[in-house]
A.B. asks: 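Quick one: the structure is below, and I'll ask about it shortly.
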Amino acid sequence: LFSQTLLLANPNTDLLDFASRGNLDGVKKSLSEKADINFKDSLGTSALMFAANNDHFSVVKYLVDNKADVLAKNTSGWTAAVMAGARSNKLIKEYLEGIEQKIKKSQATAIVLSVIGDVTAENKKLHVGDMVLENQTIYVGKKSSCDIQVKQSLSEFTVRLREETVFAL
C-alpha cells in the first residue's frame, strides 16, 4: 500500500493515469505540478497517446495546445494518431493527422542533388534523390562532396558540402 501511494504522488505517472482516464482537471493539475508533458512509460506511451487511444478528445486537444509531441512514437513505432485510428477514434485520428501535417510542413527537409565519394546520414550512404530530415546530420568524407537542396516553409536554397564536413539540418 505504501509503495502505491508513492507511485500516485509522482506528477509524471499521475499525468499518464489522468490522461488515460480522460480526467482533464487531473491532467492540468499534474502539469501545474511540473509533470513532463512528453513523459513516457516503459513502453514509450505518452499522455497524448493514452488520451488518443481512450477517445478523450478534450484531453488530446489540451495536451496538443500545450506542446505535447504529436510526432512521438511508442516502442512499437505508433504515434497518438495511429493509436486513435486503431481504436476507430476517427475524430481524434483526423485531428492529430492534421496537426502532424502542419508540423511536417514547417520542418526543414533536404534532397540530395549530387554525391561524390563517401557521404552518409544516419549511418547510411546517401545517393542522389535521398531525403534528409530536420535533426539529421550529414557526414562528408575525405575527397568527397555533396550538394543538397534545403526546403523550409516557403524558403528553398542549395548548399554545397565539401570534404570532411559535418552538417546538421
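The analysis underlying the following values was restricted to heavy atoms, covering all of them including side chains, and did not include hydrogens, waters or symmetry mates.
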A.B. asks: Are any non-hydrogen side-chain atoms of D130 and I111 less than 4.5 angstrom apart?
C.D. replies: no
A.B. asks: Sequence neighbours left out, what passes side chain to side chain contact (heavy atoms under 4.5 Å, CB included) with S42? Give chain and number order.
C.D. replies: none
A.B. asks: Can you see which heavy atom on A47 is nearest to which on L15, and at what distance?
C.D. replies: CB-CG, 3.7 Å
A.B. asks: Does anything in residues 110-128 form a side-chain hydrogen bond (donor to acceptor under 3.5 Å, both in side chains)? List the pairs, not counting sequence neighbours.
C.D. replies: S114-D147
A.B. asks: In the hydrophobic clustering that connects Ile, Leu, Val, Met, Phe, Trp and Tyr at side-chain heavy-atom distances below 4.5 Å, which members other than F50 occupy its cluster, ordered by chain and number?
C.D. replies: L16, F39
A.B. asks: How close do A52 and L96 get, heavy atom to heavy atom, and via which atoms?
C.D. replies: CB-CD1, 3.9 Å
A.B. asks: Mind checking whether L91 and V60 sit in one hydrophobic cluster, side chains of I, L, V, M, F, W, Y counted as touching below 4.5 Å?
C.D. replies: yes
A.B. asks: So Y62 and V27, do their side chains get closer than 4.5 Å, heavy atoms only?
C.D. replies: yes
A.B. asks: Find the distance between CG (N23) and OG (S58) and round it off to the nearest 0.5 Å.
C.D. replies: 9.5 Å
A.B. asks: What pairs with K28 under side chain to side chain donor-acceptor pair (under 3.5 Å), at least two apart in sequence or on another chain?
C.D. replies: none
A.B. asks: Can you name the residues that form a side chain to side chain donor-acceptor pair (under 3.5 Å) with K73, not counting sequence neighbours?
C.D. replies: none
A.B. asks: Which residue pairs satisfy the salt bridge (Lys or Arg N to Asp or Glu O under 4.0 Å) criterion with at least one member in residues 84-99, sequence neighbours excluded?
C.D. replies: K90-E94, K93-E97
A.B. asks: With a 4.5 Å cut-off on side-chain heavy-atom distances among I, L, V, M, F, W and Y, is there a chain of contacts connecting I92 to L24?
C.D. replies: yes
A.B. asks: Are W78 and L48 joined in one hydrophobic group, where the rule is that I, L, V, M, F, W and Y side chains link up if heavy atoms are under 4.5 Å apart?
C.D. replies: no
A.B. asks: What is the minimum heavy-atom distance between M83 and M49, and which atoms define it?
C.D. replies: SD-CB, 3.3 Å
A.B. asks: Answer with yes or no whether the hydrophobic clustering places I116 together with L113; edges join I, L, V, M, F, W, Y residues whose side-chain heavy atoms lie under 4.5 Å apart.
C.D. replies: no
A.B. asks: Would T109 and V150 count as a side-chain contact (heavy atoms from CB on, under 4.5 Å) here? Give the steps.
C.D. replies: CA-CA 6 Å; T109 59; V150 180; over 6 Å; no
A.B. asks: Does N38 reach the main-chain N or O of D69 with its side chain, forming a donor-acceptor pair under 3.5 Å?
C.D. replies: yes
A.B. asks: What pairs with V132 under side chain to side chain contact (heavy atoms under 4.5 Å, CB included), at least two apart in sequence or on another chain?
C.D. replies: A110, V112, L126, Q136, I138, L169
A.B. asks: Examine distances only and state if a side-chain atom of N74 and a backbone atom of L43 form a donor-acceptor pair shorter than 3.5 Å.
C.D. replies: no
A.B. asks: Which heavy atom of A35 sits nearest a heavy atom of P11, and at what distance?
C.D. replies: CB-O, 3.3 Å
A.B. asks: List for me each residue that meets side chain to side chain donor-acceptor pair (under 3.5 Å) alongside S20, sequence neighbours excluded, and say none if there are none.
C.D. replies: N54
A.B. asks: With sequence neighbours left out, write down each residue that passes side chain to side chain donor-acceptor pair (under 3.5 Å) with Q149, or none if nothing qualifies.
C.D. replies: E156
A.B. asks: Main chain of K142, side chain of E163: is a donor-acceptor contact present, judged purely on distance under 3.5 Å?
C.D. replies: no
A.B. asks: If I compare all heavy atoms of A51 with all of L63, which pair ends up nearest, and what's the gap?
C.D. replies: CB-CD1, 4.5 Å
A.B. asks: Which residues pass the ring pair (Phe, Tyr, Trp, His ring centres under 6.0 Å) test with Y95, not counting sequence neighbours?
C.D. replies: F57
A.B. asks: For residues L31 and I37, determine if any side-chain heavy atom of one lies less than 4.5 Å from a side-chain heavy atom of the other.
C.D. replies: yes
A.B. asks: Of all heavy-atom pairs between S30 and D14, which one has the smallest distance, and what is that distance?
C.D. replies: OG-CB, 3.5 Å
A.B. asks: Under the rule for salt bridge (charged side-chain N to carboxylate O under 4.0 Å, His left out), what residues qualify as partners of D25, not counting sequence neighbours?
C.D. replies: none
A.B. asks: Quick one, T79 and V70 - any side-chain contact, counting heavy atoms below 4.5 Å?
C.D. replies: no
A.B. asks: Output the rest of the hydrophobic cluster of V166: all Ile, Leu, Val, Met, Phe, Trp and Tyr residues reachable through side-chain heavy-atom contacts under 4.5 Å, sorted by chain and number.
C.D. replies: Y139
